[in-house]
Amino acid sequence: MMNRRAFLASAAAAAGSACVGPRLPRPNVLVLMPDQWRAMDLGAMGNPDVRTPNMDALAANGALLRNMTANCPVCCPARGTLLTGRFGHEHGVDVNDAPLPDSEVTIAEVARDNGYRTAFAGKWHLEGGKRLPGYVRPERRQGFDFWAANICTHNYWNMQYFRDSPEPIQIEGYSATAFTDEIIDFIGSDTETPFLAYVQWGPPHNPYVAPPAYMNMYDPNLLKMRENWNGSVQVRAGRALGSRQDIAGYYAAITFLDDEVGRIVDALKATGQFENTVILITSDHGDMLGSQGTVLKRKPWAESLQVPGIVHYPAAVPAGQRLNLPASHVDVVPTLLGLAGLPMAETISGTDLSRHLLAQEHGGRPDSPAPESVYAQSYTPTERGEFPAWRGVRTERYTYARNQDRAWLLYDNVSDPFQLQNLADRPEHAAVQAELDEFTMDWFARTEDDWRERADLPYR
């Protein structure tokens, strides 16, 4: 396998030969990623309560990936995958608070070495060790030259971040605004050179708070709860999550971030870059929020596993696409590289789905092969120790998960969208279960996965 240094040298040499389609300039690439935001809490996905008009407009005028999946639905493994196009056990961040190795090839390094400006703003969480104060040395920023971020904190009203020195920058007010301001300044600082930028906001991750004007938009008593919601769940002594109040705060934070997306779109339009910018909106994982009688992430149920997937690129991606093909985090890097016409690292494990998104005159082929399944994993037990490590797959129709020794969950997501009927080990579904188990173990073997149970690293 080509090593990192050799690949980057060859990629830079090939920069002039890659192209998206006839007469298209290299697009900007902008990834917008709220933290712990599940797919169903988006107007475009049919939620009747949450207000997301800016993101809904991007979905309506681009492509909506309705089956977007977090391969490992927990923070650090997901973030490593969204930079490398590799599974957690491949890129080395298979638990929270592990550092992404310098040997990994990231999309930022590929873009930078092919003439792109690169930027990161928000929550990094790929450094390992202490989360606070949160400074990361420039040589550890994985190819991002502009950096306005911290490692990890969800104290949204008293947050610091860093740029080029260890001197902290104190944020006044709600933290996410500062990261939007930074990326807007970056967007406007050079309109001639293409850019790749990641914005990773902390909300709507618990503690489920937003500025008062947004909190006042949602009355907890008027919200429609999901059919599989069982109310708040005790997490630790004296603390519960998943209540109506939590969900109202969660929606408030999402609506706040929707307005931040609107600010960024306005900045792209004002600088003449909107038409030629690939915007991807997704999240690192979802949140159970009381569904299935549990909370937080790391679970194979849809509320934890399924994340938003919006791709907007007016110059080459036709409006109004609603795609049900299986897609996942591991496909993000190759798909973005494909849309931008940038070279593909040989280390990537995901699939380039750009031909499913592009207009035919720009190389689109809707009949291109698509994955039959996407691989899903938790390398650790869940947060409260409820469930052991698991592996599974999600297809266009089914969700399947198994433990090391037996099948665990099987759902028909078409006939049972709230996953209320576990079909695992039912004789009438034996053939489907066998096929999904074969998919799972094929992914397990091909990616050289193992059943070694991990534990999150300590942090302070």
Side-chain angles (χ1 to χ4, degrees), residues 1-22 24-33 62-63 65 68 71 78-87 90-91 100 103-120 142-145 193-200 276-282 309-313 315-317 323 325-359 362-365 368-371 374:
M1 182 175 290
M2 186 181 294
N3 64 32
R4 176 178 176 276
R5 181 176 298 176
F7 168 73
L8 292 174
S10 66
S17 63
C19 64
V20 174
L24 278 181
R26 285 279 177 84
N28 304 313
V29 177
L30 177 61
V31 178
L32 304 178
M33 198 184 90
L65 298 171
M68 188 70 178
N71 302 106
R79 289 164 195 266
T81 295
L82 287 164
L83 288 186
T84 64
R86 284 153 57 77
F87 295 100
E90 294 177 319
H91 60 62
L100 183 66
S103 57
E104 289 298 305
V105 177
T106 71
I107 188 174
E109 290 170 325
V110 174
R112 182 191 61 191
D113 290 358
N114 283 278
Y116 274 64
R117 300 189 298 141
T118 58
F120 184 94
Q142 306 292 346
F144 291 103
D145 290 328
T193 309
F195 69 79
L196 175 135
Y198 275 52
V199 186
Q200 296 186 173
N276 199 44
T277 297
V278 177
I279 300 175
L280 169 70
I281 300 177
T282 191
I310 297 172
V311 180
H312 183 273
Y313 178 22
V317 171
L323 304 179
L325 77 167
S328 67
H329 281 164
V330 79
D331 305 319
V332 164
V333 167
T335 299
L336 293 176
L337 293 173
L339 290 170
L342 289 169
M344 211 68 65
E346 290 187 1
T347 52
I348 285 173
S349 296
T351 300
D352 176 5
L353 301 176
S354 62
R355 285 181 172 246
H356 293 273
L357 303 171
L358 291 166
H362 298 302
R365 289 285 303 275
S368 295
V374 296

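The model shown is predicted, which means the values in this text are computed figures rather than measured ones. The analysis underlying the following values was restricted to heavy atoms, covering all of them including side chains, and did not include hydrogens, waters or symmetry mates.
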Asker: Please report the interatomic distance CG(Asp352) to CG(Asp331), rounded to the nearest 0.5 Å.
Answerer: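 Going from CG on Asp352 over to CG on Asp331, the span is 9.0 Å.
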Asker: With no hydrogens and no angle check, is any side-chain donor or acceptor of Ser349 less than 3.5 Å from a backbone partner on Phe87?
Answerer: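 No: the side chain of Ser349 does not pair with the backbone of Phe87.
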Asker: Please find the pair of heavy atoms, one from Leu337 and one from Pro343, that lie closest to each other, and give the distance.
Answerer: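 In terms of heavy atoms, the two residues are closest at CD1-O, 3.6 Å.
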Asker: For the residue pair Ile310 and Leu65, establish whether any side-chain heavy-atom pair is separated by less than 4.5 Å.
Answerer: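 No, their side chains stay 4.5 Å or more apart.
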Asker: Quick one: are Leu323 and Leu357 in side-chain contact, heavy atoms under 4.5 Å?
Answerer: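 Yes, their side chains come closer than 4.5 Å.
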Asker: Specify the closest pair of heavy atoms between Gly85 and Val330, including all atoms of both residues, with the distance to one decimal.
Answerer: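 Nearest heavy atoms, Gly85 then Val330: O-CG2, 3.2 Å.
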Asker: For a 4.5 angstrom cut-off between non-hydrogen side-chain atoms, does Met33 reach Val199?
Answerer: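 Contact flag for Met33/Val199 side chains = no.
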Asker: Taking atom types as modelled, find out whether Ser328 and Asn71 have a side-chain donor-acceptor pair closer than 3.5 angstrom.
Answerer: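 Yes, side-chain donor-acceptor contact under 3.5 Å.
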Asker: Within the distance-only criterion (no hydrogens, no angle test), does the side chain of Thr84 pair as donor or acceptor with the backbone N or O of Arg86 below 3.5 angstrom?
Answerer: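 The answer is yes, because a donor-acceptor pair under 3.5 Å joins these two groups.
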Asker: Indicate yes or no for a side-chain donor-acceptor contact from Thr118 to the backbone of Gly143 under 3.5 Å, with no hydrogens or angles considered.
Answerer: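 Yes: the side chain of Thr118 pairs with the backbone of Gly143.
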Asker: Any non-hydrogen side-chain atom of Arg117 less than 4.5 Å from a side-chain atom of Leu196?
Answerer: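 No, too far: nothing below the 4.5 Å cut-off.
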Asker: Any non-hydrogen side-chain atom of Tyr198 less than 4.5 Å from a side-chain atom of Ile107?
Answerer: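 Counting from C-beta outward, Tyr198 and Ile107 do come under 4.5 Å.
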Asker: Quick check: do Leu342 and Arg26 have side-chain heavy atoms less than 4.5 Å from each other?
Answerer: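 Sidechains of Arg26 and Leu342: in contact.
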Asker: Could you tell me whether a side-chain N or O of Asn114 sits under 3.5 Å from a main-chain N or O of Val110, the two making a donor and an acceptor?
Answerer: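 Flag set: sc Asn114 to bb Val110 pair under 3.5 Å.
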Asker: Got a second to check how far Thr193's OG1 is from Tyr116's OH, nearest 0.5 Å?
Answerer: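 If I round to the nearest 0.5 Å, the distance is 11.0 Å.
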Asker: State, with a plain yes or no, whether a side-chain heavy atom of His356 is found less than 4.5 Å away from one of Arg365.
Answerer: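 Side chain of His356 against side chain of Arg365, heavy atoms only: no contact under 4.5 Å found.
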Asker: Could you check whether Thr81 and His91, counting side-chain N and O atoms only, form a donor-acceptor pair closer than 3.5 Å?
Answerer: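 Yes.
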Asker: CD/Gln142 to CZ/Arg112 distance, rounded to the nearest 0.5 angstrom?
Answerer: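 Here the rounded value is 10.0 Å.
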Asker: Taking the side chain as every heavy atom from C-beta outward, state whether Val31 and Phe120 have any atom pair closer than 4.5 Å.
Answerer: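 Result no, sub-4.5 Å side-chain heavy-atom pair not found.
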Asker: Would a distance-only check, ignoring hydrogens and angles, find a side-chain to backbone donor-acceptor pair under 3.5 Å from Thr277 to Asn28?
Answerer: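 No; judged by distance alone, with no hydrogens or angles, the pair does not exist.
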Asker: Between Pro25 and Tyr313, which heavy-atom pair has the shortest distance, and what is it?
Answerer: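 Smallest heavy-atom distance, with atoms named: O-OH, 4.4 Å.
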Asker: Taking all heavy atoms of Pro194 and all of Pro27, pick out the closest pair and write down the distance.
Answerer: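 That would be CB-O, 4.2 Å.
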